[in-house]
Chemist: 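Shown below is the structure under consideration.
Numbering of ligands and ligand atoms starts at 1, following listing order.
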Amino acid sequence: MAETNNFLPLMLDLSGRKIVIFGGGSVGERKAKLFSGCADTLVASLEFSQDLQELGASGQVRLVRLDLLTASDSELRELISGAFLVIPATSNFELNQKITAIARESDILINQVDTLGSVVIPSVIKRGDLVIGISTLGHSPAVSKYTRRQIEGLVTPEYSDMIRLQDELRSYLKKHVAEQRERKAILWKVLESEAVWDGFSESYEKAAERAYAIISSYLEHSDR
Ligand SMILES: C[C@@]1(CC(=O)O)C2=NC(=C\c3[nH]c(c(CCC(=O)O)c3CC(=O)O)Cc3[nH]c(c(CC(=O)O)c3CCC(=O)O)/C=C3\N/C(=C\2)[C@@H](CCC(=O)O)[C@]3(C)CC(=O)O)/[C@H]1CCC(=O)O
Ligand SMILES: NC(=O)c1ccc[n+]([C@@H]2O[C@H](COP(=O)([O-])OP(=O)(O)OC[C@H]3O[C@@H](n4cnc5c(N)ncnc54)[C@H](O)[C@@H]3O)[C@@H](O)[C@H]2O)c1
């Protein structure tokens with residue numbers, strides 16, 4: 001088991017990156033669904049789940065059907081050539097280990113699914129521009145999934161509205177308030193305002209109106 005207190009989450013721009021998944025079963029399918037929306041995802045397998053076949057037919061993932069046990073090393077190297085991440089997820093542990101070894105030769109990141117490797121895939125919540133990754137570093141994926149479900153209930157649609165409003169206010173304040181510490185104080189006043197959060201239930205514009213009222217009041221009373 002890897003030393004688990006050295007793992008940290010990173011948010012990576014995967015656009016244009018190649019991700020190769022070996023094994024088209026329930027695990028390969030779950031990983032392909034996660035990555036197909038943002039990376040060039042290829043799945044190599046003997047068989048493919050129904051959902052993967054549909055993802056392949058719609059062009060969201062590339063499917064390569066082959067018996068990986070009879071594939072030559074050069075064929076495997078060809079499949080992973082240029083990959084950013086390799087995910088050996090067949091039901092054959094030894095085969096997964098062999099693919100891992102070949103990927104390691106090319107210093108490619110590897111997400112091992114049958115043991116704790118150097119890359120762990122978290123449970124992911126994506127709500128517009130809010131992205132949350134949750135992991136127990138291999139100790140209990142079920143708790144990751146459970147925690148994701150708990151947090152999903154907390155992250156209401158207003159969170160996306162507030163991100164949009166904060167983004168708008170940050171641009172406005174950068175033009176009108178020179179001091180970064182003052183801009184930060186104002187943004188937090190808006191963030192902690194129940195009136196602004198309640199405003200979203202009426203309309204985005206109502207929440208924004210209340211936010212700008214907070215800014216005006218702050219600027220009138222600050223000793224600028
Ligand atoms: C988070 C998530 C991401 C994803 O893969 O998409 C993920 N597994 C998920 C679900 C899940 N996987 C398993 C269960 C059954 C209950 C349980 O075992 O707990 C459940 C829950 C369920 O299905 O209910 C079984 C399991 N998992 C691993 C093994 C191998 C082993 O450890 O032996 C075995 C077979 C164990 C056995 O043989 O008994 C290993 C890994 N699974 C990980 C990630 C990495 C650690 C992440 C972390 O620590 O948080 C790691 C190390 C490698 C990896 O990255 O794949 C995804 C939830 C997505 C979502 O949120 O819905
Ligand atoms: N990381 C996780 O969350 C997690 C969860 C459950 C299981 N696992 C592990 O992941 C592995 C895969 O689990 P699964 O539920 O997806 O299995 P599965 O049986 O549903 O799928 C296995 C896939 O591997 C393919 N395959 C097997 N031998 C092959 C070969 N010689 N050539 C090409 N393709 C081949 C099969 O065609 C199938 O598509 C298991 O070994 C298990 O240890 C990991």
Chemist: Between Ala89, Ser123, Gly138, which one has a non-hydrogen atom sitting closest to atom 49 (O) of ligand 1?
Modeler: Gly138
Chemist: State whether the shortest distance between N or O atoms of Asn92 and N or O atoms of ligand 2 falls below 3.5 angstrom.
Modeler: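 Such a contact does not occur with ligand 2.
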Chemist: May I ask you to check whether Ala142 has an N/O atom sitting below 3.5 Å from an N/O atom of ligand 1?
Modeler: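 Between Ala142 and ligand 1, an N or O pair is found under 3.5 Å apart.
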Chemist: Consider ligand 1: state whether an atom of it lies below 4.0 angstrom from any non-hydrogen atom of Gln112.
Modeler: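 Yes, Gln112 has heavy atoms under 4.0 Å from ligand 1.
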Chemist: Decide whether an N or O pair under 3.5 Å exists between Leu68 and ligand 2.
Modeler: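 Looking only at distances, the answer is yes, because the N/O contact criterion of under 3.5 Å is met.
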Chemist: Does at least one non-hydrogen atom of Glu29 fall below 4.0 angstrom from an atom of ligand 2?
Modeler: no
Chemist: Decide whether an N or O pair under 3.5 Å exists between Ser45 and ligand 2.
Modeler: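 Yes, Ser45 has an N/O under 3.5 Å of an N/O on ligand 2.
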Chemist: Could an N or O of ligand 2 be found under 3.5 Å from any N or O of Val27, whether backbone or side chain?
Modeler: yes
Chemist: For Tyr172 and His176, take the angle between the two ring planes, folded into 0 to 90°, and tell me which bin it lands in: parallel under 30, tilted 30 to 60, perpendicular over 60.
Modeler: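 Correct class here is parallel.
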Chemist: Is there a heavy atom of Leu34 sitting under 4.0 angstrom from any atom of ligand 1?
Modeler: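 No, Leu34 has no heavy atoms under 4.0 Å from ligand 1.
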Chemist: Polar contacts were defined as any N/O atom of the residue lying under 3.5 Å from an N/O atom of the ligand; does this apply to Thr115 and ligand 1?
Modeler: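 There is no such contact.
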Chemist: Taking side chain to side chain donor-acceptor pair (under 3.5 Å) as the test, write out the residues that go with Arg149, two or more places apart.
Modeler: none
Chemist: Residue-level breakdown please: for Arg30 versus ligand 1, do any non-hydrogen atoms fall below 4.0 Å on the side chain, on the backbone, on both, or on neither?
Modeler: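 Answer for Arg30: side chain.
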Chemist: My understanding is that we take every heavy atom of each candidate and find the minimum distance to atom 17 (O) of ligand 2. Doing that for Pro141, Ser91, Ala142, Gly28, which one comes out nearest?
Modeler: Ser91
Chemist: For ligand 1, indicate whether the residue Ile121 contacts it via side chain, backbone, both or neither (heavy-atom separation under 4.0 Å).
Modeler: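 Under 4.0 Å from ligand 1, Ile121 contributes backbone and side-chain atoms.
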Chemist: Out of Thr70, Leu46, Leu95, Asn111, who gets a non-hydrogen atom closest to atom 34 (N) of ligand 2?
Modeler: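 Checking each option, the heavy atom nearest atom 34 (N) of ligand 2 is found in Leu46.
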Chemist: As an exercise, state the distance from CZ of Arg30 to CD1 of Ile121, rounded to the nearest 0.5 Å.
Modeler: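 Arg30 CZ to Ile121 CD1: 10.0 Å, rounded to 0.5 Å.
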Chemist: Enumerate the atoms of ligand 2 whose separation from the nearest heavy atom of Leu66 is less than 4.0 angstrom.
Modeler: 32 (N), 33 (C)
Chemist: Out of Thr115, Ile99, Thr90, Asp114, whose heavy atom sits nearest atom 11 (C) of ligand 2?
Modeler: Thr90
Chemist: With only distance considered, is Val113 within less than 3.5 Å of ligand 1 through an N or O on each side?
Modeler: no
Chemist: At the 4.0 Å heavy-atom cut-off, does Asp67 count as touching ligand 2?
Modeler: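 Yes.
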Chemist: I want to know if ligand 2 touches Ala44 in the polar sense, i.e. an N/O pair below 3.5 angstrom.
Modeler: no
Chemist: Return the closest protein heavy atom for atom 1 (N) of ligand 2 as residue, atom name and distance.
Modeler: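 Residue, atom and distance for the closest contact: Val113 O, 3.1 Å.
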